[in-house]
Amino acid sequence: MATAFALSACSSGGNDNNQSACGNASTRYANPANITENAASYGSIDEESANVEALPASVYPKGSPVDMWGKLKVDTNAAGVRCLCSEKGEPVQLRGMSSHGMQWPGVATLTEANIKSLRNDWNSNIFRIAVYVDEEGGYAYNPTHRSRFVENLVKWTAENGMYLLIDWHVLTPGNPLSPIYRNRPESGKDLAADFFTYCSRRYKNQKHILYEVCNEPNGVNFENEKHDGKMYPEYWNPRVTWNENIKPHCEAMLKIIRANDPDVVVICGTPHWSQRPQDVIGNEPKDEAGKPYDNLMYTFHFYSASHNDGRHIETDVKFWDVNFMQFFKEGCDSVPCILKNLPIFVTEWGTTDAGGWKNFSPELSDMWMKIFSGDNDGKQVVSWCNWNFSSEGGACAALKWNDGNLDPFDKNILTESGEYVFKELHK
Ligand code: IDC
C-alpha cells in the first residue's frame, strides 16, 4: 500500500556559475536524448519503506578500517579545507572498487568471497554499489537489487570492516527530478524518496554506510553551442543544472535521510556527468530553515583518456583543451581551485576513455592519483572508487572473467586496468 508523502523540491536560491571557457572546442559527448521534464508533482512511498525495521549496529573486526575510523564525517584538514575525516576528525582516504550494474552479468561478482578478497587481497577499504534505476531491468523492475544485493553488501562489508557507498545511479534519464525517478508512470511511486527512506531507516545504526544521491546528472544544450564564431564544448553549457535540477533533488533526499540518520556522509552528483563541482561553490544545499547541511560532499568523475589536462587524444569521448587537472590542482581564471573550496569524493573513475571501452591510460591516471594524494592547493586528500569491479564494459573492467570466487586470489584474473588499480590500492 502506498502512502501519500508530499515532497517539495525546495531550493534555496543562488545562480549557476556560467563560467567562461578555459579552453576551446572539441568533439561533443554523444548525448542520449534523455532530457525529461521535472516531475510536476512527486509520487508516494511504500508503507514498507516508511516502517522498515533498523538493522542492529554491526560489530567491526578489530583493527579494520571501520573499527579504526568509525563513522566518517566532513571536517577540516591542517590547511583549513573541508575533507573526509574519521569520527575523531583526522583526514582519511577511502579507496576501492565500484560494482557494475546489478541488472547485467556484472552482478556475479557481488559475492561474500569477493568482498572478503577486496579487503584482504586488494587492500581496499570501501566498496560502491551502483543501483541503476531504469536501464535494462534495473532496480525499478527488480526490487531484489535492494532487498538482496544492497542488504547483503551492507552485511559483508561490515563483516570485513569496510565502508559501503550506496549509489543511486542516475544516468538515463539524466535529470534526477524526472518522473522516471520521482513519480513512476506505472505506480505513482517516488522511487528515489522510497529508496532513501528505506535505506536511511534500515541502515541508520551502521557506521560504515555512505550515500551518493545521484550518480551522473546530465543533459546539455547543443543549440547554444556556437557563439563568437567559435565552438565551445557542451561542457560549458549544461541544461540539467545544479540550481534547477540537482540541488533540489539533493535537498529533497537530504530531508529524508537526515530525518533518520542525522549525520551520515552524503555525496551529491554534479552537472555534466558529475564533471562540474565548480557549479556548487557558494551554492550548497540547505535545509528548510536555510541552514547549510553538514557532512556533505560533492563528486567528480573522470576517465583518464577523456578528462585530463586537455591534451589531444584521439578517442571516443574527448574534452580537448579543457584542463580538468588544473581546476582541481590550482584553479584558473574562470574556475577556482575546486579542492580548496569543496570536499570532494571521486565516487567513480576509470583508467580509460569515458565510454569505458578503450584507451587504457596509466600515465594520465598516475597524474590524477598524484593530485588526489594531496598535491593540490587545498592539500586535500581525495577518496575514490574505480569503475568497475566486473568483466563487463570494456577496457575499464578490472576482471578478465568473473566466477564470483576470488578466494583464493589469482592475479591472472586482473585486466591491465585491474592490475593498475590493484597496485594503486597497495601503495
Ligand atoms: C557503463 C557500463 C556499460 C553500460 C553503460 C550503460 O560499463 O557496460 O552499457 O554504462 O550506459 C559512467 C557511468 C557508468 C558507465 C561508465 C562507462 O556512471 O554507468 O558504465 N561511465 O561508460 N560515467 C562515465 C563513464
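One-based numbering, in listed order, for ligands and for the atoms of each.
- The environment of Lys411 atom NZ is sparse: at most 12 non-hydrogen atoms of other residues, nucleotides or ligands sit within 6.0 angstrom.
- Residue contact check: Trp104 has heavy atoms under 4.0 Å from atoms 4 (C), 6 (C) of ligand 1.
- For the pair Glu135 and ligand 1, no heavy-atom separation below 4.0 Å is found.
- When each atom of ligand 1 is checked for a heavy atom of Asn215 under 4.0 Å away, the hits are 18 (O).
- Residue-environment remark: NZ (Lys400) exceeds the threshold of 12 foreign heavy atoms within 6.0 Å.
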Only pairs under 3.5 Å count here: list side-chain donor-acceptor contacts from residues 365-372, not counting sequence neighbours, and write none if there are none.
| unit_1 | atom_1 | unit_2 | atom_2 | d |
| --- | --- | --- | --- | --- |
| Ser365 | OG | Ser304 | OG | 2.9 |
| Ser365 | OG | Ser361 | O | 2.8 |
| Asp366 | OD1 | Tyr420 | OH | 2.6 |
| Trp368 | NE1 | His307 | O | 2.9 |
| Lys370 | NZ | Asp375 | OD2 | 3.2 |

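- At least one heavy atom of Glu348 lies less than 4.0 angstrom from ligand 1.
- For Gln206, the side chain to side chain donor-acceptor pair (under 3.5 Å) partners at least two apart in sequence or on another chain are Ser58.
- Residues Phe324 and Phe302 keep their aromatic ring centres 6.0 Å or farther apart.
- The closest approach between a heavy atom of Glu216 and any atom of ligand 1 is below 4.0 Å.
- Close approach of ligand 1 to Leu171 (heavy-atom distance below 4.0 Å) involves ligand atoms 11 (O), 19 (O).
- Around NZ of Lys116, the count of heavy atoms belonging to other residues, nucleotides or ligands within 6.0 Å does not exceed 12.
- Residue contacts with ligand 1: Trp357 is excluded, as none of its non-hydrogen atoms falls under 4.0 Å.
- Neither side chain, Tyr293 nor Arg258, offers a donor N or O lying under 3.5 Å from an acceptor on the other.
- Here is the list of ligand 1 atoms found below 4.0 Å of a heavy atom in His100: 2 (C), 3 (C), 7 (O), 8 (O).
- Listed for the Asp194 side chain is no donor-acceptor partner under 3.5 Å among the backbone atoms of Asp190.
- The shell of residues lying under 4.0 angstrom from ligand 1, judged by heavy atoms, excludes Trp273.
- The ligand atoms of ligand 1 that sit less than 4.0 angstrom from a heavy atom of Gly393 are 7 (O), 8 (O).
- Ligand 1 places these atoms under 4.0 Å from at least one heavy atom of His169: 13 (C), 14 (C), 18 (O), 19 (O).
- Polar contact check, Cys396 against ligand 1: no nitrogen or oxygen pair lies under 3.5 Å apart.
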